[in-house]
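The structure appears right after this line, and notes come after that.
Per chain, numbering begins at 1; letters A, B, ... match sequence-line order. What's counted below: heavy atoms across the whole structure, side chains too, no hydrogens, waters or symmetry copies.
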There are 2 protein chains.
Amino acid sequence: MLCQDRCMPSPTPARRSRRTDALSADAIIEAAITVLDAEGEEALTFRALSTALETGPGAIYNHLANKQEILAAAAHRLVVHALADVPSDPDAENGIRAVMLAFFDLFGAHPWVGTQLSREPWQAALLEMFEAIGTHLEALGVEERYQFTAASSLLNFVLGVAGQHASATRLARDLDRSAFLRDIADGWKDEATAASHPFSRRMADQLAEHDDRQQYSDGVDFILAGIAAVTAGGGL
Amino acid sequence: MLCQDRCMPSPTPARRSRRTDALSADAIIEAAITVLDAEGEEALTFRALSTALETGPGAIYNHLANKQEILAAAAHRLVVHALADVPSDPDAENGIRAVMLAFFDLFGAHPWVGTQLSREPWQAALLEMFEAIGTHLEALGVEERYQFTAASSLLNFVLGVAGQHASATRLARDLDRSAFLRDIADGWKDEATAASHPFSRRMADQLAEHDDRQQYSDGVDFILAGIAAVTAGGGL
DNA sequence: ACCTGAACACCGTTCAAGT
DNA sequence: ACCTGAACACCGTTCAAGT
């Protein structure tokens with residue numbers, strides 16, 4: 001649909017297309033998400049975005065303060081949508097797992113969100129995540145005094161995963177993922193590395209072959225089991 | 001020591017100082033750490049770095065491929081140093097806690113490391129962290145089949161914390177930290193926010209008053225308890 | 001072989017001039 | 001009130017010219 005380099009000569013004299021509908025923060029955020037998903041984080045520039053919106057780069061500033069605000073709003077929107085799509089479950093433990101997996105799937109579909117979430121502390125998107133996690137912990141019967149630490153622990157875990165996912169995607173955009181991990185695993189088997197890193201050497205094949213989503217899910221289970229154990233066992 | 005804006009007139013005609021010792025990757029990395037610690041992430045430019053090194057920006061490329069490599073090498077060096085300083089402990093559970101706290105203290109002293117660690121996946125610094133965690137898990141008696149997931153969970157948790165720490169520091173560089181958290185907590189108490197986020201509303205005061213290091217330490221305990229529970233209980 | 005620093009190809013952001 | 005797009009003040013990186 002885009003006319004990248006050379007356009008067919010048009011019968012009427014070429015004229016710079018100009019948007020007819022009004023520009024809005026919503027439209028900008030939507031266009032930003034499209035660019036980010038299609039071409040990655042580094043492709044989102046004001047020039048690219050304003051071309052997609054058929055306007056000038058300056059026009060964007062009439063609706064959003066700066067690039068950071070565009071990214072924050074885009075991430076927030078996707079987090080809200082992802083949470084709205086999580087089916088409610090009468091079983092509290094299934095509920096918290098469903099929420100955590102929704103986050104994982106969101107980062108899979110939009111890896112740049114992972115980068116954005118570690119850019120501003122306690123931004124709107126993080127509040128939604130914290131709230132969703134906390135609500136389910138409450139339903140799970142976690143005592144009040146553990147709720148803050150428990151919710152933070154789950155949130156920090158998912159943020160760590162999100163960041164790694166984003167950077168892996170940034171680096172391995174074209175490469176296929178398993179070849180990329182195989183390369184790293186092979187590096188762990190190099191004599192020099194292996195000699196000083198025996199644990200990693202032993203884990204190399206698992207790094208190359210593991211199922212990311214399963215491992216994430218297992219990590220969530222570890223933390224949930226820990227929360228349950230500490231709560232039952234009478235404290236930290 | 002730096003001559004920032006105006007220099008005293010010197011008796012001999014002013015001459016651009018030129019380094020006498022040879023430039024090296026090590027010297028560049030050391031200078032980069034100094035700049036990053038003193039002035040923050042955004043202050044590290046090739047121009048600033050080459051000024052600190054008394055050379056031209058192009059000279060740096062004779063020793064390191066690009067900015068990413070400088071940051072990765074700087075983070076790696078600090079992680080290695082931090083781990084070298086952790087005293088060995090005969091008690092395995094103290095050992096893993098000491099390693100995890102060493103990471104936390106590292107991010108406190110050099111917040112920019114948190115940003116860097118989520119920039120490249122499985123970079124050298126992460127390998128060191130993974131290895132250190134894994135070695136202690138082995139000592140703790142975690143079964144082989146759980147080691148990869150357990151080590152990854154702890155690593156992802158610490159990476160999440162590191163990222164948040166870095167972004168909080170970036171945003172609140174001059175502001176004092178407690179005032180910054182108070183502001184966010186107050187936002188959670190706003191009528192509009194509180195109505196749709198009751199859990200966060202309830203946690204607001206804890207956000208403002210909690211001890212970061214203690215909470216981190218409690219989070220580590222949750223995960224360790226979960227690993228112990230799952231291992232003892234016969235599987236995920 | 002290494003250093004120098006101007007030049008290049010970008011950025012995000014601003015702002016006078018338009019409608 | 002909003003849009004336009006050239007201009008500004010930066011970046012990281014390159015490279016011809018020096019030593």
Side-chain angles (χ1 to χ4, degrees), chain A residues 3-5 14-33 35-36 39-75 112 115-116 119-120 167 170-171, chain B residues 3-5 14-33 35-36 39-75 112 115-116 119-120 167 170-171:
Chain A
C3 177
Q4 302 258 42
D5 272 303
R15 206 177 2 162
R16 177 86 172 62
S17 64
R18 196 184 187 283
R19 49 181 308 104
T20 50
D21 52 330
L23 197 59
S24 68
D26 256 18
I28 294 167
I29 292 162
E30 196 185 313
I33 292 172
V35 172
L36 287 162
E39 302 176 69
E41 303 173 34
E42 73 289 348
L44 187 76
T45 66
F46 276 81
R47 283 157 184 85
L49 189 52
S50 63
T51 300
L53 289 163
E54 299 189 326
T55 181
I60 295 166
Y61 289 90
N62 283 310
H63 303 275
L64 292 157
N66 50 40
K67 188 172 184 177
Q68 193 60 231
E69 199 164 303
I70 300 172
L71 284 162
W112 53 271
T115 306
Q116 173 51 30
R119 242 198 260 283
E120 268 184 282
S167 70
R170 212 182 306 127
L171 206 81
Chain B
C3 177
Q4 302 259 42
D5 272 304
R15 209 177 359 161
R16 177 86 173 60
S17 63
R18 197 184 186 286
R19 49 182 308 105
T20 48
D21 52 330
L23 198 58
S24 69
D26 256 18
I28 293 167
I29 293 161
E30 195 185 314
I33 292 172
V35 171
L36 288 162
E39 303 176 68
E41 303 173 35
E42 74 288 350
L44 188 76
T45 65
F46 276 81
R47 284 158 183 84
L49 190 52
S50 63
T51 300
L53 289 163
E54 298 189 325
T55 183
I60 295 167
Y61 289 90
N62 282 311
H63 303 275
L64 292 155
N66 51 39
K67 188 172 184 176
Q68 195 59 233
E69 199 165 301
I70 299 173
L71 282 162
W112 53 270
T115 306
Q116 173 52 29
R119 243 198 260 281
E120 270 184 281
S167 70
R170 212 182 304 125
L171 206 80

- Query: Starting at CD1 of A:Ile28 and ending at P of D:dC3, how long is that distance when rounded to a whole Å?
  - Reply: 8 Å

- Query: Between A:Asn62 and D:dC2, does any side-chain N or O lie under 4.0 Å from OP1 or OP2?
  - Reply: no

- Message: B:Ile60 vs B:Leu49, test: side chain to side chain contact (heavy atoms under 4.5 Å, CB included). Steps then yes/no.
- Response: CA-CA 9 Å; B:Ile60 295 167; B:Leu49 190 52; 4.0 Å; yes

- Kindly point out which of D:dC3, C:dT13, C:dC3 is positioned nearest to the side chain of A:Lys67? C:dT13

- Message: Nearest whole Å is fine: how far is D:dT13 P from B:Leu71 CG?
- Response: 10 Å

- Message: Output the rounded distance in Å from CD1 (B:Ile60) to P (C:dG5).
- Response: 13 Å

- Message: Does B:Thr45 form a side chain to side chain contact (heavy atoms under 4.5 Å, CB included) with B:Val35? I'd like the steps, not just the answer.
- Response: CA-CA 9 Å; B:Thr45 65; B:Val35 171; over 6 Å; no

- Minimum heavy-atom separation for B:Ile33 to B:Ala74, with atom names? CG1-CB, 3.7 Å

- Determine the minimum heavy-atom distance between B:Ala27 and B:Leu53, stating which atoms define it. O-CD2, 3.8 Å

- Whole Å only: how far is the OH atom of A:Tyr61 from the C1' atom of D:dC2? 16 Å

- Message: Output the rounded distance in Å from CD (B:Glu42) to C1' (C:dC11).
- Response: 16 Å

- Listed range with range, the stems formed with DNA chain C by at least 3 consecutive Watson-Crick or G-U pairs (under 3.5 Å) are C:4-8 with D:12-16, C:12-16 with D:4-8

- Using a heavy-atom cut-off of under 4.0 Å over every strand shown, decide if B:Leu44 touches base, sugar-phosphate, or nothing. sugar-phosphate

- Item | Closest to side chain of B:Ala59, choosing from C:dC3, C:dC11, C:dT13 | C:dC3

- Note on the structure: The residue, B:Arg47 or A:Ala65, whose nearest nucleotide of DNA chain C is more 5′ is B:Arg47

- Could you tell me the separation between the CG atom of B:Leu23 and the C1' atom of C:dA1, rounded to a whole number of Å? 13 Å

- Item | Stepwise side chain to side chain donor-acceptor pair (under 3.5 Å) check, A:Thr115 with A:Arg170 | CA-CA 10 Å; A:Thr115 306; A:Arg170 212 182 306 127; 3.1 Å; yes

- Heavy atoms of A:Leu23 and A:His63 approach each other most closely as O-CE1, 3.2 Å

- Spacing between A:Leu49 atom CG and D:dC3 atom P, to the nearest angstrom: 13 Å

- Task: Could you tell me whether the side chain of A:Lys67 and the main chain of A:Phe46 form a donor-acceptor pair under 3.5 Å?
- Result: no

- Could you state the CZ-C1' distance from B:Phe46 to C:dC3, rounded to the nearest angstrom? 15 Å

